[in-house]
Amino acid sequence: MAITKDKKVSLVEEYTENLGESRALFLAHYSGLTVGQVERVRDAMYEEQTHLEVLRNRLFLLAANKTGQGAVSEVLDGPTLAVFCKGDPTSPAKTLATLNRELEALDVYGGLLGTAVLNADQFKELASLPSREELLAKLMGSLQSPVYGLVGVLGGVLRSLLYVLQARVEQLEGPASAEEAA
């Protein structure tokens, strides 16, 4: 169905805005998905705080060129479902990869990470990375580990000093208490 020129202009503006706000973009073929399956994908992506849209490729390329991301034309192919990620891209990538395995007709074939073009293999690598929160937790654990070790060593030195002082006190009290008993 043909769309009006005004609708085309508004779509280009919408794509431009979405590309400008997104840290990552994932592209997938969706031919063969039922309406229910597309809604399932849409709901899963909504929970990941992403925006899902069926693209008009020619209009999308105009928007991509406008934002300086025209390199996406290298991977853009056929009827495309786009996932615009405004936050951390690893969590939506994991969800999309899971859906990709469950729904055979959904085929993630590429995208953008910042301004770098992703192919299908690079997308799979991104989906296998730990999330930002997991990486921060590991970093904090690594940073805290030496501090805990230092506290343990210093605590051990203090305990040893207390044991020595306690033994000395007992040693000094020993002969005096022996004389009192006699």
Side-chain angles (χ1 to χ4, degrees), residues 1-140:
M1 174 196 248
I3 59 175
T4 65
K5 185 176 181 178
D6 290 338
K7 179 66 176 169
K8 289 178 183 179
V9 168
S10 70
L11 276 174
V12 170
E13 288 173 3
E14 183 182 337
Y15 293 154
T16 303
E17 181 181 331
N18 285 333
L19 278 170
E21 294 175 351
S22 297
R23 294 175 65 191
L25 166 73
F26 306 125
L27 304 171
H29 291 130
Y30 66 95
S31 297
L33 289 177
T34 64
V35 173
Q37 290 172 328
V38 171
E39 285 304 312
R40 180 176 167 203
V41 173
R42 189 178 302 277
D43 291 344
M45 290 294 99
Y46 180 77
E47 289 176 15
E48 294 291 340
Q49 299 177 346
T50 61
H51 177 70
L52 184 94
E53 192 158 338
V54 174
L55 295 182
R56 296 214 171 236
N57 290 358
R58 190 178 59 78
L59 299 177
F60 179 74
L61 286 175
L62 290 173
N65 288 329
K66 228 181 194 183
T67 60
Q69 297 175 336
V72 75
S73 64
E74 297 172 16
V75 292
L76 193 62
D77 176 45
T80 301
L81 192 65
V83 178
F84 296 92
C85 304
K86 295 179 181 172
D88 178 33
T90 55
S91 182
K94 286 176 191 269
T95 302
L96 197 56
T98 301
L99 290 168
N100 191 20
R101 285 188 295 273
E102 293 173 8
L103 306 171
E104 291 178 20
L106 182 68
D107 177 34
V108 179
Y109 67 88
L112 291 172
L113 184 60
T115 57
V117 177
L118 296 176
N119 60 30
D121 293 332
Q122 292 167 325
F123 169 77
K124 289 175 186 172
E125 287 178 31
L126 177 66
S128 69
L129 290 175
S131 70
R132 182 176 188 273
E133 290 77 21
E134 291 175 63
L135 290 174
L136 286 174
K138 287 181 181 180
L139 175 66
M140 289 306 298

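What you see below is based on every heavy atom in this structure, not just the backbone, and it leaves out hydrogens, waters and symmetry mates.
- How far CZ of Arg42 is from CD of Glu47: 14.0 Å, rounded to the nearest 0.5 Å.
- Residues Glu21 and Phe84 form no side-chain contact, since every pair of their non-hydrogen atoms from C-beta on lies 4.5 Å or further apart.
- Applying side-chain hydrogen bond (donor to acceptor under 3.5 Å, both in side chains) to Tyr109 and the options Asp77, Thr80, Asn100 leaves one that passes, Thr80.
- Checked against Thr16 for a side-chain contact (heavy atoms from CB on, under 4.5 Å), the options Val12, Leu19, Asn18 give a single hit: Val12.
- For Arg23 against Lys86, the heavy-atom pair with the smallest separation is CD-O, 3.3 Å.
- The number of heavy-atom neighbours closer than 6.0 Å to CD of Glu134, taken from other residues, nucleotides and ligands shown, is above 12.
- For the pair Phe60/Leu25, a side-chain contact is recorded, criterion being any heavy-atom separation below 4.5 Å from C-beta on.
- In this structure the side chain of Ile3 reaches within 4.5 angstrom of the side chain of Leu11, judged on heavy atoms.
- You'll find the side chain of Leu81 reaches within 4.5 Å of the side chain of Leu52, heavy atoms only.
- Of the possible polar contacts, one joining the Lys94 side chain to the Leu129 backbone as a donor-acceptor pair under 3.5 Å is found.
- Side chain of Glu17 to main chain of Glu14: no donor-acceptor pair is present (N/O by atom type, distance under 3.5 Å, no hydrogens or angles).
- Using a 4.5 Å heavy-atom cutoff, the side chains of Lys66 and Tyr15 are not in contact.
- Residue Arg58 is tested with Leu62, Leu61, Leu55 for a side-chain contact (heavy atoms from CB on, under 4.5 Å); the sole match is Leu62.
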Does Thr90 form a side chain to side chain donor-acceptor pair (under 3.5 Å) with Asp88? I'd like the steps, not just the answer. CA-CA 6 Å; Thr90 55; Asp88 178 33; 2.8 Å; yes
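- Heavy atoms only, all atoms of each residue included: Thr34 and Gln37 are closest at N-OE1, 2.9 Å.
- Between the side chain of Ser128 and the main chain of Leu126, no donor-acceptor pair closer than 3.5 Å is present.
- In terms of heavy atoms, Leu135 sits closest to Pro130 at CD2-CG, 3.7 Å.
- With a 4.5 Å cut-off on side-chain heavy atoms, Val108 and Leu99 do not count as touching.
- Taken to the nearest 0.5 Å, the OG1 atom of Thr115 stands 9.0 Å off from the CG atom of Leu113.
- By the side-chain contact (heavy atoms from CB on, under 4.5 Å) test, Ala71 pairs with Glu74, Val117, sequence neighbours left out.
- Pairing each heavy atom of Leu96 with each of Met45, the nearest pair is N-CE, 3.9 Å.
- Residues Asn57 and Gly78 share a closest heavy-atom pair of ND2-O, 2.8 Å.
- Nearest heavy-atom pair across Phe26 and Pro89 is CZ-O, 3.8 Å.
- To the nearest 0.5 angstrom, Glu133 atom CD is 7.5 Å from Ser91 atom OG.
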